[in-house]
Amino acid sequence: MYQQTFALLGAILTAVVVIKVVGFWSSLNQARRFAAASPISYVTVYWYRESGLFWLLSPWFAPFLEKLPFRLGHWVHYKKRDFSWAHKGKLPREELRSEVFWTAAVDGCLLHVSDPDVVSEIVHRWKDFPKAERYYWDLMWFGDNVITTEGADWQRHRKVTGPSFNERNSGLVFDESLIQAKAMLASFTHEADGNASRPGREPVIEDLIFWLKAIALNVLSGAAFNLHIPWPTNSVVGFDIHQDLVESDDESDSEFPEESKAHLMSWQHCMNQIMENFYFLIGLSDWILEHSPWKFMRTLPAAYSEFMEYIQEMIEDALRVEFPTDGSGKSDGDSSDGEKNAVHTPQGSSSSASSKESSLRRNDLLSTILRANKKQQLSDLEIIGNICILLIAGHETSASVLETALILLATEPEFQQSIQDELDEIWAAKKPEQDLTYEDYPKMRKIMALMLETLRLYPPIINLFKSTAEHPQTLTYRSQPLPLPPDTTIFLEAVSLHRNPKYWSPSPDTFLPSRWLKDPTYTPAPNTLPESPAHANLLCPQKGSYIPFGVGMRSCLGKKFAQVEFCTIVAVLLKECSIELVADEKGKGREWEEKRREALECLDRRRTILALRMLGKVKVRFVRRGAESFPPRKEKKSV
Ligand code: HEM
């Protein structure tokens with residue numbers, strides 16, 4: 001009896017396996033036949049086209065597959081997580097001799113594009129090539145928003161959110177960045193006892209990204225929500241970056257000021273928790289998280305719920321100022337709970353929330369969005385979705401580009417010193433009592449060149465995901481029609497575009513910010529676009545060849561926000577200090593070269609978690625100018 005049952009089960013199992021294997025191969029062959037008949041090259045990928053699990057786990061198993069004999073696992077180079085970062089466009093350029101190619105997989109073909117003309121065509125025909133929605137599912141978790149929606153829905157979101165990114169807001173970004181950067185630099189150049197460090201003996205910054213995330217969040221909080229959060233410490237010496245009151249179960253231990261006890265976690269801690277553990281948060285239920293053996297997981301649901309409370313409070317706060325008509329703090333269409341009008345300000349913040357300001361119009365993003373939404377085009381949930389997404393879109397990306405640029409500067413003292421020359425000129429034109437102002441931003445050409453070059457080599461968003469949705473489409477590549485079936489996913493590959501020698505010679509893989517700096521006789525070629533219109537005589541790349549902020553209708557709304565923030569912070573940091581790598585023995589040429597090589601290697605080790613971020617850390621310090629340990633400048637060069 002048992003034998004018969006086992007035999008039957010065995011037969012069923014075998015039949016299922018056979019059906020699966022046959023189905024797998026016939027689907028794969030169908031995709032291959034389509035790709036082979038297409039005018040462009042293709043690579044066969046022996047797996048599903050868009051498997052999330054494969055993406056997540058491939059950093060661990062891909063190295064084994066890649067080592068299989070007879071190049072059996074070679075296809076993994078085209079499929080593993082962040083593959084385009086790993087090969088930087090070289091692999092398809094050398095193996096396939098094409099900047100547009102297919103990967104033919106079990107469930108269909110995926111188109112990879114790193115040809116500027118094809119990129120331009122795709123973004124120009126934005127209605128034919130909407131975003132590939134499945135790649136934005138994680139960001140939909142916060143509610144519908146301007147990044148994840150398409151078509152008429154997107155236009156509705158963009159109409160309300162777009163106007164907030166204006167010149168007045170850029171001015172706010174400048175002012176907030178100035179205040180925050182000064183406080184950050186002070187904490188980098190003072191000892192725990194409050195005394196200024198000895199020049200050349202400034203504290204070592206072990207975890208640069210922590211501080212840069214803090215400043216990115218504080219600038220966002222100021223310019224997006226009118227929350228002016230004080231810098232968390234007077235000195236980085238001895239500061240425990242993991243500290244937060246969530247550790248304490250006992251309220252009496254709390255260091256929170258009495259009035260902000262309503263929150264158990266700081267705004268920054270909530271944000272860090274969510275950004276660091278985003279995939280756990282959206283992938284696991286609250287119950288699983290709360291019963292996890294790991295503390296960081298157990299506290300995630302609480303961090304998320306506090307985060308949402310902060311957002312709710314900020315919205316109510318802004319509503320009270322914008323629409324004070326009925327005295328209740330609620331606009332006509334505000335359906336939120338009246339109880340919530342007891343606004344708690346985020347911990348440590350000197351929020352603007354006071355009703356004294358009700359007569360003053362605020363220019364922060366949130367207030368402008370609420371004003372633009374007077375006719376209720378967006379629901380309360382959609383407003384929350386957009387606020388969350390602005391935080392997510394503007395936090396990690398800005399911190400990451402600052403981190404990379406500062407480390408690159410530490411490896412290139414010559415360029416760093418040339419930025420300082422530019423800053424000296426800006427300061428020389430000022431009276432002693434004057435400070436930097438937003439009018440100085442267009443004069444920061446070299447800092448902008450630094451940002452553009454950093455984003456060229458290390459874009460935080462390495463792919464833009466498009467699709468043909470339910471219609472077949474035809475593109476043109478090398479003057480040939482290229483037919484695409486419905487439901488084709490398309491990757492616009494930034495790294496490959498940004499490192500293509502055709503558009504970025506000389507030395508496309510080398511950090512050369514001077515490539516952006518042109519003299520006043522420079523006339524941009526036709527079919528090019530300026531990357532920062534505020535700055536004169538900067539290289540205008542060919543349309544579609546430079547896409548760190550996306551391109552076309554769906555390009556980044558916060559581009560100017562990020563540019564102003566970046567320039568202001570770097571201008572403050574480099575006015576009186578230089579950033580240098582921490583070498584074990586100061587001033588010795590060989591050790592410095594060794595550190596430089598290690599830093600560049602570390603910059604290369606990256607992985608996408610929302611945005612592409614560095615996996616390792618590079619130790620740096622900000623030393624007073626003149627006390628640097630890097631090799632002295634040979635001659636004053638104009639870069
Ligand atoms: C260096 C910093 C930044 C980089 C590299 C960057 C990059 C990008 C990219 C590549 C996209 C297109 C995404 C896609 O189509 O899949 C995008 C969209 C967007 N970004 Fe940024 N971003 C940065 C900073 C910011 C900031 C500071 C904000 C807001 C405060 C912001 C808000 C947005 C929004 C709202 C969109 C969606 C626009 C739309 O689809 O209509 N970004 N960004």
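All ligand and atom numbering here is 1-based and tracks the order in the structure.
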With the threshold set at 4.0 Å, does a side-chain nitrogen-carboxylate oxygen contact exist between K560 and E167? yes

I want to check a possible cation-pi pair here: K131 against Y136, using under 6.0 Å from ring centre and within 45° of the ring axis as the test. yes

Is the contact between F561 and ligand 1 made by the side chain, the backbone, both, or neither, using heavy atoms and a 4.0 Å cut-off? side chain

Answer yes or no: does an N/O atom from K466 fall short of 3.5 Å to an N/O atom of ligand 1? no

Between F278 and F142, is the ring centre distance below 6.0 Å? yes

Atom CG in L492, atom NZ in K466: separation rounded to 0.5 Å? 6.5 Å

Please state which part of F566 comes within less than 4.0 Å of ligand 1, counting heavy atoms only: side chain, backbone, both or neither. neither

Closest protein heavy atom (residue, atom, distance) for atom 12 (C) of ligand 1: R554 O, 3.9 Å

Could you find the nearest protein heavy atom to atom 13 (C) of ligand 1 and give me its residue, atom name and distance? L464 CD2, 4.0 Å

Atom indices of ligand 1, in the order listed, that fall short of 4.0 Å to a heavy atom of L390: 35 (C)

Location of contacts on E565 toward ligand 1, heavy atoms closer than 4.0 Å: neither

Closest protein heavy atom to atom 23 (C) of ligand 1, given as residue, atom name and distance to 0.1 Å: T397 OG1, 3.5 Å

Within ligand 1, which atoms have a heavy atom of Y136 less than 4.0 Å away? 14 (C), 15 (O), 16 (O)

At a 4.0 Å cut-off, with the gap strictly under it, does some heavy atom of F465 reach an atom of ligand 1? no

Can you check whether R158 has an N/O within less than 3.5 Å of an N/O in ligand 1? yes

Starting from atom 10 (C) of ligand 1, find the nearest protein heavy-atom neighbour and note its residue, name and distance. P548 O, 3.2 Å

Give the residue and atom name of whichever protein heavy atom lies nearest to atom 35 (C) of ligand 1, and the separation in Å to one decimal. V146 CG1, 3.6 Å

Distance-only N or O hit between ligand 1 and K559, under 3.5 Å: no

So D144 and T149, side-chain hydrogen bond (donor to acceptor under 3.5 Å, both in side chains) or not? Walk me through it. CA-CA 7 Å; D144 278 354; T149 44; over 6 Å; no

Test of ring centre spacing under 6.0 Å for F465 and F491: yes

Tell me whether the centres of the aromatic rings in F622 and F188 are closer together than 6.0 Å. yes

Reference residue W516; test ring-ring contact (aromatic ring centres under 6.0 Å, His included); the match among F415, W504, F511: W504

Using a strict cut-off of 4.0 Å, indicate which atoms of ligand 1 neighbour a heavy atom of F165. 29 (C), 30 (C)

Could you tell me whether L220 approaches ligand 1 through its side chain, its backbone, both or neither, with non-hydrogen atoms closer than 4.0 Å? side chain

heavy-atom search around atom 21 (Fe) of ligand 1 in the protein gives C556 SG, 2.3 Å

In sequence, state the C-alpha distance, the side-chain angles, and the governing distance for E150 and R554, and then conclude on salt bridge (charged side-chain N to carboxylate O under 4.0 Å, His left out). CA-CA 10 Å; E150 262 302 337; R554 301 302 304 260; 3.0 Å; yes

Hydrogens and angles aside, do T489 and E50 bring a side-chain donor and acceptor to less than 3.5 Å of each other? yes

Is the closest N or O pair between S555 and ligand 1 shorter than 3.5 Å? no

Please find out if less than 6.0 Å separates the ring center of W55 from that of Y135. no

Show me which atoms of ligand 1 lie under 4.0 Å from any heavy atom of A393. 24 (C), 25 (C), 31 (C), 32 (C), 33 (C), 42 (N)

What are the atoms of ligand 1, with element, lying closer than 4.0 Å to any heavy atom of L557? 19 (C), 20 (N), 33 (C), 34 (C), 35 (C), 36 (C)

Consider ligand 1: state whether an atom of it lies below 4.0 angstrom from any non-hydrogen atom of Y135. no

I'd like to check L212 versus M184 (side-chain heavy atoms, cut-off strictly below 4.5 Å). Are they in contact? yes

Ligand-residue contact atoms, ligand 1 with V401, heavy atoms, under 4.0 Å: 1 (C)

Counting the benzene-type ring for Trp, do Y503 and Y546 have ring centres under 6.0 Å apart? no

Candidate pair H498 and N500, rule side-chain hydrogen bond (donor to acceptor under 3.5 Å, both in side chains), full reasoning: CA-CA 6 Å; H498 294 180; N500 190 330; over 6 Å; no

Give me the residue, atom name and distance of the protein heavy atom closest to atom 27 (C) of ligand 1. G394 CA, 3.4 Å

When distances are taken from atom 11 (C) of ligand 1, the protein heavy atom at minimum range is F549 O, 4.1 Å

